[in-house]
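Source: prediction; values computed, not measured. Labels below follow one simple rule: chain letters A, B, ... track the order of the sequence lines, proteins then strands, and each chain is numbered from 1.
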Number of protein chains: 2
Amino acid sequence: MALTRRPGAYHCGTEAAMDVIGGRWKVSVLWALEDGDGGPLRFGQLRRILGGITEKVLASHLRELVEDGIVHRQDFAEVPPRVEYSLTPRGKSLYDALETLGDWGQANIIDAASAPSPT
Amino acid sequence: MALTRRPGAYHCGTEAAMDVIGGRWKVSVLWALEDGDGGPLRFGQLRRILGGITEKVLASHLRELVEDGIVHRQDFAEVPPRVEYSLTPRGKSLYDALETLGDWGQANIIDAASAPSPT
DNA sequence: CGGCATCCTGTACGATACTG
DNA sequence: CAGTATCGTACAGGATGCCG
């Protein structure tokens, strides 16, 4: 399995985590799968929710997230095809870990945007 | 000030935070400034601690982190030059927010490497 | 619908040399 | 020592077309 993208040498666990969520849309995908609707999402839904992402990038990101055990992919093997994506337990735990960071971002973005400067 | 690299539209605070720490070495710099020694670090020290980073990249990352209010840059205006970098309060808060993520990374990397599979 | 194959591009990053 | 300037590159990401 993955979670070992970078050859050896991490200074800290954070760098390792960054490898997993380092893609341009990775966290957006996580967000969509957890907050976007609550339930599993199909490829097209995801693409629509995320807005500007292209199919290729979405596909590759999903593939990597599946490899890393973050995202569960359920293929219903129907015609026309139906595939649903959801977070694995590990994915949920990652999402939780990201929430702290999200709060920070929220607070500091809003600060930077609204508050002139706390002196 | 910055913290607004991306034009509008964040889905969640996490994406915003990712803009701040999205660089290849950003979190490593944070880690070095907080865990590397405890005290402020000079440019050369930082470069040595981080290992593979080039001067150009370190300089640009530092500049961005300063712009984002994460890193404090103290220029002593001496000859030869002496400049010390440290985390601002905001930087420390970011570092704390990252620690949760770091724990996740630590746990899951180690899991993936040592444990075969928790079934 | 859910992709993959192909091609193209921007840019983040890297290497090296040089300056105040 | 602390950077800037310049150049080169690798790769992530984007656009398009096609297929099961």
Residue set satisfying side-chain hydrogen bond (donor to acceptor under 3.5 Å, both in side chains) with T88(A), at least two apart, ordered chain then number -> none
With sequence neighbours left out, what residues match S93(A) under side-chain hydrogen bond (donor to acceptor under 3.5 Å, both in side chains)?
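S93(A) satisfies side-chain hydrogen bond (donor to acceptor under 3.5 Å, both in side chains) with W104(B) once adjacent residues are dropped.
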Starting at [atom1] of [X] and ending at [atom2] of [N], how long is that distance when rounded to a whole Å?
{"X": "D19(A)", "N": "dC11(D)", "atom1": "CG", "atom2": "P", "result": "14 Å"}
{"X": "H61(B)", "N": "dA2(D)", "atom1": "NE2", "atom2": "P", "result": "19 Å"}
{"X": "I21(A)", "N": "dA12(D)", "atom1": "CD1", "atom2": "C1'", "result": "16 Å"}
{"X": "L46(B)", "N": "dG3(D)", "atom1": "CG", "atom2": "P", "result": "10 Å"}
{"X": "L58(A)", "N": "dG14(D)", "atom1": "CG", "atom2": "C1'", "result": "13 Å"}
{"X": "R24(A)", "N": "dC11(D)", "atom1": "CZ", "atom2": "C1'", "result": "16 Å"}
{"X": "L50(B)", "N": "dG3(D)", "atom1": "CG", "atom2": "P", "result": "14 Å"}

Between [X] and [Y], is any pair of side-chain heavy atoms under 4.5 Å apart?
{"X": "V83(B)", "Y": "F43(B)", "answer": "no"}
{"X": "L58(A)", "Y": "V29(A)", "answer": "yes"}
{"X": "R90(A)", "Y": "N108(B)", "answer": "yes"}

So, the side chain of Q45(B) versus the backbone of L41(B): is there a donor-acceptor pair under 3.5 Å, distance only?
no
I need the K26(B) NZ to T14(A) OG1 distance, nearest 0.5 Å.
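K26(B) atom NZ to T14(A) atom OG1 measures 15.0 Å (nearest 0.5 Å).
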Working to the nearest 0.5 angstrom, can you tell me the gap between L98(B) CG and L30(B) CG?
6.5 Å
Boundaries of the DNA chain C segment in contact with chain B, non-hydrogen, under 4.0 Å:
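Under 4.0 Å from chain B, the extent on DNA chain C is dC13(C) to dG20(C).
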Please work out if [X] contacts a base, only the sugar-phosphate, or nothing of the nucleic acid, heavy-atom cut-off 4.0 Å.
{"X": "F76(A)", "value": "nothing"}
{"X": "R73(A)", "value": "sugar-phosphate"}
{"X": "R63(A)", "value": "sugar-phosphate"}

Nucleotide-resolved protein contact map, nucleotides 15-20 of chain D, B/S/- at heavy-atom distance under 4.0 Å:
B-B--B
Enumerate the residue pairs fulfilling salt bridge (Lys or Arg N to Asp or Glu O under 4.0 Å) with a member in residues 74-85 of chain B, sequence neighbours excluded, ordered by first and then second residue.
R73(B)-D75(B), E78(B)-R82(B), R82(B)-E84(B)
Any side-chain donor-acceptor pair under 3.5 Å between S86(B) and Q74(B)?
no
Would you sketch DNA chain C in dot-bracket for me? Only Watson-Crick or G-U wobble pairs with both distances under 3.5 Å count, crossing pairs as [ ], other-strand pairs as |, the rest as dots.
||||||||||||||||||||
Tell me whether the rings of H11(B) and W31(A) are parallel (<30°), tilted (30 to 60°) or perpendicular (>60°).
parallel
